[in-house]
2 protein chains.
Amino acid sequence: MDSIYELARRAGVAPSTVSKALRDDPRISVATRARVQALASEAGFTVNAAAQSLTTRRTLTIGVIVSDYADPYNGLLMRGIEAAAMAAGYQLLVSSAHETGVREVDIARTFRQRRVDGIIIVASHVSESHEHLDPRIPVVLVAEKPALVPDRPLVSCLIVEDEAGARTMTQHLLTLGHRQIGYVAIGRASLASDARRAGYEDALRQAGIEPDPRLVVVPNRRDMAGVGAEGVQLLLPQRPTAIFFYNDLAAIGGLRAVIDRGLRVPEQISIAGFDDLEISQLVTPPLTTMAQPRLDMGRMAAERLLAMIGGDDDRTPMTAVCTLMVRRSTAPPPD
Amino acid sequence: MDSIYELARRAGVAPSTVSKALRDDPRISVATRARVQALASEAGFTVNAAAQSLTTRRTLTIGVIVSDYADPYNGLLMRGIEAAAMAAGYQLLVSSAHETGVREVDIARTFRQRRVDGIIIVASHVSESHEHLDPRIPVVLVAEKPALVPDRPLVSCLIVEDEAGARTMTQHLLTLGHRQIGYVAIGRASLASDARRAGYEDALRQAGIEPDPRLVVVPNRRDMAGVGAEGVQLLLPQRPTAIFFYNDLAAIGGLRAVIDRGLRVPEQISIAGFDDLEISQLVTPPLTTMAQPRLDMGRMAAERLLAMIGGDDDRTPMTAVCTLMVRRSTAPPPD
DNA sequence: GTGAAAGCGCTAACAT
DNA sequence: ATGTTAGCGCTTTCAC
């Protein structure tokens with residue numbers, strides 16, 4: 001029993017009738033629909049999706065490229081994407097672009113081969129991957145810079161307000177009285193890191209402070225916690241009273257390093273991050289950070305993609321608004 | 001250009017020749033193989049996976065059921081699974097069983113419908129899900145109790161040494177001199193939590209201490225950090241000098257709660273977890289915990305599944321050995 | 001070394 | 001309300 005023909009035989013109807021009945025097509029009488037469905041579930045029969053999509057030309061599959069499964073930033077995003085996708089009857093084919101640059105091309109190729117109905121690229125330093133993608137299928141880029149998003153049909157993006165968020169955070173630190181504020185960027189080319197730095201410098205200038213380039217460091221370490229630790233090491237000689245890190249993971253690594261040097265947070269030095277990971281409110285002291293509505297972002301991305309799959313081509317970038325979460329890692333500077 | 005027929009026409013050969021050429025079948029001359037492949041990549045052509053799997057009866061797809069994308073426990077596991085799967089040319093169709101119990105049936109159904117070649121169920125309190133699965137396709141259960149794993153063909157499992165790990169951890173605390181050791185379990189039925197409790201009690205008995213039921217608490221909160229916090233609240237009146245938590249997330253929540261009550265860790269109270277999440281070495285103080293080789297576990301699970309897909313039916317449970325990571329959250333009790 | 005033909009399991013027109 | 005037929009795009013015998 002693994003085709004509709006067999007079921008049709010058993011039910012004493014035509015295959016096409018079974019096909020329709022199984023999809024609850026109203027052209028089939030309620031009675032036979034029920035009968036066929038009962039027979040199917042009794043026999044544990046499910047239509048073969050491959051055969052189905054061969055005729056319908058839709059796979060009901062969304063390809064998701066995620067930077068790394070182990071990056072806690074992605075979790076809620078995935079949850080949001082899945083929620084919206086599932087609600088619309090779509091499944092997720094997931095691939096991570098973890099490290100390996102080469103692999104992106106492969107991912108793109110597999111997605112093509114599988115004829116996914118659309119693609120979501122999450123939080124990538126993977127920006128180039130969409131260049132390998134089939135231009136006929138819709139793509140949504142999450143947390144990508146508009147500058148990197150080609151303005152072409154079926155390509156949409158969701159922007160995080162990095163610059164504005166960083167400005168807000170820096171203003172928070174300025175308001176507390178800090179004047180020596182460091183920024184820890186990340187090494188590999190990251191427009192998000194650049195944008196956050198721009199917001200940081202902008203806030204300083206608005207406050208009449210000329211940004212001191214020695215207060216901006218770009219660690220070489222590849223892991224985020226390492227970036228934070230190295231950032232602290234590079235920055236401490238400049239005697240900052242507050243350090244703003246590219247993201248929470250770096251901030252938590254930095255926090256660890258600062259504490260290990262015997263400094264007290266926030267009494268002697270303030271620490272701030274960006275992202276608001278679930279863990280950030282649990283570290284000691286709880287981290288002041290900019291929250292990103294990641295669950296909603298995932299949902300928005302998936303919904304936009306579904307709209308594009310449905311034929312809509314609204315490409316206006318979506319925007320995720322960040323919210324300042326003031327916790328205990330920031331306080332006025334020591335006198 | 002979206003079928004092999006068109007390509008065949010352009011190449012001036014038969015479709016079946018293209019089919020073979022594209023798969024590098026040695027029966028086709030090197031010359032035509034090269035020509036066809038060149039033509040294909042030039043035209044951006046890829047074979048339709050649906051059509052392909054309709055004939056071959058393989059989808060090269062592994063269905064993965066993961067408890068929750070946002071659970072940091074799963075990240076490395078997924079990474080391991082993907083690494084092994086990709087290496088063998090398989091893709092991952094991922095679904096989370098986040099909360100909603102009902103959904104498992106749906107996931108099972110979609111996996112059936114899509115004819116995935118095998119299924120990996122990760123870290124589930126989702127244990128019943130395999131009951132809905134097609135008995136003809138291989139399944140690997142990760143971090144499941146053998147007791148819950150039906151002994152039937154094509155069902156394999158990877159066991160975490162919960163009891164032994166918990167015993168080791170408790171012995172560590174005993175060795176430090178603790179006598180009043182609390183255990184924070186989790187509310188929802190969890191054999192892992194039960195097993196860890198058993199190991200904990202066993203170690204106590206071995207040390208000549210009769211386990212005190214009042215030192216074991218089962219919080220009601222649903223989120224892990226909340227479980228930890230509530231556990232602390234329930235346990236503190238019993239004046240434990242050390243608390244062993246079901247897992248790291250709970251331990252970190254508990255750590256937060258203990259510190260918020262003005263207690264110093266580890267000077268006044270020791271804290272221990274289980275799992276060794278990436279974050280656990282970054283909290284303050286860094287957490288003493290049992291490490292699970294999660295990356296390898298993922299890899300092992302996938303490799304076993306691939307073996308089963310390949311026809312092997314070795315069902316002997318695989319075992320993940322845990323390692324004690326002594327960090328700064330544990331120390332001798334105060335006098 | 002290459003080709004012709006049948007069939008994988010389904011859906012979509014088009015009958016009836 | 002149901003049945004017939006012709007594909008969807010591929011692989012697989014089996015011929016040549």
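Predicted model only: the values in this text are computed from it and were never measured. Convention: sequence-line order gives letters A, B, ...; per-chain numbering from 1.
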Kindly write out the residues that satisfy side chain to side chain contact (heavy atoms under 4.5 Å, CB included) with Ser53(B), not counting sequence neighbours, or none if the list is empty. Ala50(A), Thr56(B), Thr59(B)
Looking at DNA chain C, which of residues 40-54 of chain B put a heavy atom within less than 4.0 Å of it?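 Leu54(B), in order of number.
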Is there any salt bridge (charged side-chain N to carboxylate O under 4.0 Å, His left out) pair reaching into residues 297-307 of chain B, and which pairs are they, with sequence neighbours excluded?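 Every pair satisfying salt bridge (charged side-chain N to carboxylate O under 4.0 Å, His left out) with a residue in residues 297-307 of chain B: Asp296(B)-Arg299(B), Arg304(B)-Asp314(B).
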Sequence neighbours left out, what pairs pass salt bridge (charged side-chain N to carboxylate O under 4.0 Å, His left out) with at least one residue falling in residues 30-54 of chain B? Asp24(B)-Arg33(B)
Under a 4.5 Å cut-off applied to non-hydrogen side-chain atoms, are Ser67(B) and Tyr73(B) in contact?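 Contact flag for Ser67(B)/Tyr73(B) side chains = no.
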[X] [atom1] to [N] [atom2]: how many Å, rounded?
X: Asp2(A); N: dC8(C); atom1: CG; atom2: C1'; result: 11 Å
X: Arg58(A); N: dC8(D); atom1: CZ; atom2: P; result: 18 Å
X: Ile4(B); N: dA6(C); atom1: CD1; atom2: C1'; result: 16 Å

For Asp25(B), is there an ion pair with Arg23(B) - N to carboxylate O distance below 4.0 angstrom? no
Pair Arg79(B) + Glu82(B), salt bridge at N-O below 4.0 Å: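 Salt bridge: no.
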Over all heavy atoms of both residues, which pair between Phe45(B) and Leu7(B) is shortest? Give the atoms and the distance, please.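 Heavy-atom minimum between the residues: CD2-CD1, 3.8 Å.
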Quick check: closest heavy atoms across Phe111(A) and Leu93(A), and the distance to 0.1 Å?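 The pair with the smallest heavy-atom distance is CZ-O, 3.7 Å.
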Mind listing the residues from residues 7-37 of chain B sitting with a heavy atom below 4.0 Å of DNA chain D? Number order is fine. Ser16(B), Ser19(B), Arg23(B)
Taking only N and O in the side chain of Arg57(A), is any of them less than 4.0 Å away from OP1 or OP2 of dG9(D)?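 The answer is yes; a side-chain N or O of Arg57(A) sits under 4.0 Å from OP1 or OP2.
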Given axes from five pairs at either end, by how many degrees does the helix from dG1(C)-dC16(D) to dT16(C)-dA1(D) bend, rounded to 10°?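 Terminal axis comparison yields 30°.
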Any donor-acceptor N or O pair under 3.5 Å, side chains Thr32(A), Ser29(A): yes
Just by distance, no angles: are the side chains of Arg114(B) and Thr61(A) close enough, under 3.5 Å, to form a donor-acceptor pair?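 There is such a pair between these side chains.
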